[in-house]
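These figures come from a predicted structure and were not determined experimentally.
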Amino acid sequence: HAAERLALDAVQLAERQKPFTGAAIRLFALIERVPGLRSILAPIIKNPALNPAQRQAQAQKSLRRRHEREKALHQRRLDVLAKLEARERKSLRTSLTRKLRLEEAERVHKARERIDQFVANTKDITEPTLAPRFTANAAGKEGWRQRQERLNSGRSAKHNRPRGYRLGRDDTS
């Protein structure tokens, strides 16, 4: 077996060294590497008995099929990219909408806090504060009098008007 292999290698080496054979080998290698040449020339190489008109018609058909396949592949890629872009646009729109809603909610919350603070400040300015001893620890019946005296202490003059038949607070027992 080894002798046969050596003989075959020698014959192939001699054949490769011939100028026409070397060029043919390089040409076939080129045909195998380039898809356009491979799809057009493969049927011709497989069947060398075809006449030139048939070979040309077959080459035209194979080239047309190849171009249609490439167009379909290209269109498929474009469709996938368009779907991907639409999905990313939708995601971006959702993200921006969510961000804007959060910002709006935060702005409304801050505005409410400002309004509440404003109301609290106006209450603080307009209503006198009571000392803690008059609020929770006011003793029984006399607690209201102490609170009233405290509130009236800042006023200029006490109104001395006749009460008429109305009962005053201290008349009730």
> Asp79 and side-chain contact (heavy atoms from CB on, under 4.5 Å): which partner among Gln75, Arg76, Arg77?
Replying inline: Gln75
>> Could you check whether any side-chain N or O of Thr94 sits under 3.5 Å from a backbone N or O of Lys90, counting only pairs where one atom can act as donor and the other as acceptor?
In response: yes
> Got a second to check how far Leu96's CG is from Leu92's CG, nearest 0.5 Å?
Replying inline: 4.5 Å
> When rounded to the nearest 0.5 angstrom, what distance separates CG in Asp116 from CG in Asn121?
Replying inline: 11.0 Å
> Which of these, Gln117, His109, Lys110, sits in a side chain to side chain donor-acceptor pair (under 3.5 Å) with Glu113?
Replying inline: His109
> Which pair of non-hydrogen atoms, one from Val119 and one from Thr122, has the smallest distance, and what is that distance?
Replying inline: O-OG1, 2.7 Å
>> Does this structure show an ion pair linking Arg64 with Glu68, if we count only N-O contacts that are shorter than 4.0 Å?
In response: no
> Just wondering, do Arg33 and Leu30 contact through their side chains at under 4.5 Å, heavy atoms?
Replying inline: yes
>> One thing to verify: whether Glu104 and Arg107 come together as a salt bridge, which I'm taking to mean a side-chain N less than 4.0 angstrom from a carboxylate O.
In response: yes
>> side chain to side chain donor-acceptor pair (under 3.5 Å), that's the test. Do His74 and Glu70 meet it? Break it down for me.
In response: CA-CA 6 Å; His74 184 67; Glu70 287 176 353; over 6 Å; no
